[in-house]
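These notes concern the structure reproduced below.
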There are 2 protein chains.
Amino acid sequence: MYELFRKKIEEIISVTDEEFEFCKTMFVPKKLRKRQFIIQEGDVCKYTIFVEKGLLRSFSVDEKGVDHILQFAFEGWWMGDIYSFLTSEPTVYNMEALENSELLLINHPSWEILLDKIPSFERYFRILIQNNLIATQRRLMGTLTKTAEEKYRDLIENYPGCLQRVPQHMIASYLGITPETLSRIRSQKNHKKS
Amino acid sequence: MYELFRKKIEEIISVTDEEFEFCKTMFVPKKLRKRQFIIQEGDVCKYTIFVEKGLLRSFSVDEKGVDHILQFAFEGWWMGDIYSFLTSEPTVYNMEALENSELLLINHPSWEILLDKIPSFERYFRILIQNNLIATQRRLMGTLTKTAEEKYRDLIENYPGCLQRVPQHMIASYLGITPETLSRIRSQKNHKKS
DNA sequence: AAATACTCTTGACCCAGATCAAGGAATTAC
DNA sequence: GTAATTCCTTGATCTGGGTCAAGAGTATTT
């Protein structure tokens, strides 16, 4: 269960066996079935989540009832709302499994203990957040600069697996376009090919 | 010169006088005149910048020569391209003073020394990056959800001082709209008032 | 103080992508 | 295995904001 978890951590910092054993005790495993929610808008986001297996999405719902996807998290990725996690303010996001998933959850007290006991985790989380910031800045600049088609092309280039696992209307939502527009972009591309 | 600097640091972590004295030695002061660049697209972003006085913007330029503003940094804010700073890859951003400014610069080797010598700075930077991520996520969701007018209203609500100090066409660029559209939004609002 | 930038406004027109609507394919539930 | 969802496509139409163009301030520079 913890192989991927350890692997991802050791891509960034090194941990001894004892440290890792301790680390494990700070996390709680949780299985989620497809469509099940783990966090809902209005909840305090009590957990930071590591995805061992499966796929989550986080999204907000606007006053018209339209979804807006903040991010997907595949195996080996983290998900959570840091703001709510740290401040205990209710989150504005929903988080839901798109496939049957296996997760590792850490709550805030355990997270502080972990940072305290193994200081290199301060560095680990700093780097995770940093990478997330870099990716979010790129995506932001993309939304300001690019056409719907360019954004779509960038996405499938960067996350080719995405299309097979995520319903198309959610990809549209992630890109900030309507499902109809995405459908049209895709059919154009297919005609060009042939 | 260093009052604001210390104040902003102590809002997040506590530092002793010796630690702060050491910290100061890791930074190099630099003055910039209005319109002067400190980083240009293609440079490696060698510095992380603290703004003691004045105002910077970071922006990229697209193939049509149009600016897209990533962020502003007022007094007490930080600016840099973490990605380029850490990897030594050339940055895609330009950074320029919008007013005569006084900055404190830290380069990568000094930054590592600082983190090493005063471990609480690891926490400090983690929190800075975290806050930046939270703000960037909000802005991203805003661009996916909101109309030009709503984005403008949110901006002046959150950064009321901005309007007085930043040329209007740069605000338009930050919001991802054209200067013409922003001008029209503003004139509409004024008519509604009277 | 004239010349050369910038910066903002306003008008006329256009277009990428949204909205509305309807039918078909694929999953899921019973 | 059939009903109910959910998901995707395609067409017709609309619109928020972009583009192009011109003019009027306002700073800067010389």
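Side-chain atoms are counted along with the backbone in the values below, which use heavy atoms only and exclude waters and symmetry mates. Reminder, nothing fancy here: chain letters follow the sequence lines and each chain counts from 1.
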Worksheet item: What about A/Glu180, does its side chain sit under 3.5 Å from the base of D/dC8 through a donor-acceptor pair?
Response: no
Fill in: Interatomic distance, A/Gln188 CD vs D/dT9 P [rounded to whole Å]
13 Å
Worksheet entry | Phosphate contact (C/dA16 OP1 or OP2) by A/Thr181 side-chain N/O below 4.0 Å | no
Discussion item. When you measure only distances, ignoring hydrogens and angles, does the side chain of B/Arg184 come within 3.5 Å of the base of D/dT19 through a donor and an acceptor?
Written reply: yes
Worksheet, complete the sentence: Checking C/dT19, C/dT9, C/dC6 against the side chain of A/Thr178 (C-beta onward), the nearest is C/dT19
Fill in: Atom pair distance, as rounded to whole Å: CD1 in B/Ile177 and P in D/dG16
14 Å
Side-chain atoms of residues 96-108 of chain A: list all donor-acceptor pairs with protein atoms under 3.5 Å, sequence neighbours left out, distances to 0.1 Å.
residue	atom	partner	partner atom	Å
A/Glu96	OE1	A/Arg57	NE	2.6
A/Glu96	OE1	A/Arg57	NH2	2.9
A/Glu99	OE1	A/Arg165	NH2	3.0
A/Glu99	OE2	A/Arg165	NE	2.8
A/Asn100	OD1	A/Lys34	N	2.7
A/Ser101	OG	A/Leu55	N	3.1
A/Ser101	OG	A/Glu99	O	2.8
A/Asn107	OD1	A/Ser110	N	2.9
A/Asn107	OD1	A/Ser110	OG	2.9

Practice prompt. Would you please confirm or rule out a distance under 4.0 Å between OP1 or OP2 of C/dT27 and any side-chain N or O of A/Lys34?
Written response: no
Worksheet item: To the side chain of A/Arg35, which of C/dT9, D/dC7, C/dT7 is closest?
Response: D/dC7
Discussion item. I'd like to check A/Leu32 versus A/Leu56 (side-chain heavy atoms, cut-off strictly below 4.5 Å). Are they in contact?
Written reply: yes
Discussion item. I need the CG-C1' distance between B/Leu182 and D/dG18, as an integer number of Å.
Written reply: 14 Å
Discussion item. Can you confirm if the aromatic rings of A/Phe59 and A/Tyr174 lie within a centre distance of less than 6.0 Å?
Written reply: no
Worksheet entry | Where A/Ile129 and B/Arg126 come nearest, the two heavy atoms and their spacing | CD1-CD, 3.9 Å
Discussion item. Counting the benzene-type ring for Trp, do B/Phe27 and B/Phe5 have ring centres under 6.0 Å apart?
Written reply: yes
Worksheet, complete the sentence: Overall bend of the helix from C/dA1-D/dT30 to C/dC30-D/dG1 (five pairs an end, 10° steps) is 60°
Item to complete: Using the ring of A/Tyr83 (Phe, Tyr or Trp, six-membered ring only), decide whether B/Arg138 places NZ or CZ under 6.0 Å from its centre and within 45 degrees of its axis.
Response: yes
Worksheet item: Would you call A/Glu10 and A/Arg6 a salt bridge, using N to O less than 4.0 angstrom?
Response: yes
Practice prompt. Just compare C/dG17, C/dC6, D/dC8 and give me whichever is closest to any side-chain atom of A/Pro167.
Written response: D/dC8
Discussion item. Side chain of B/Ala148 only, heavy atoms from C-beta on: which candidate in D/dT10, D/dT19, D/dG17 is closest?
Written reply: D/dG17
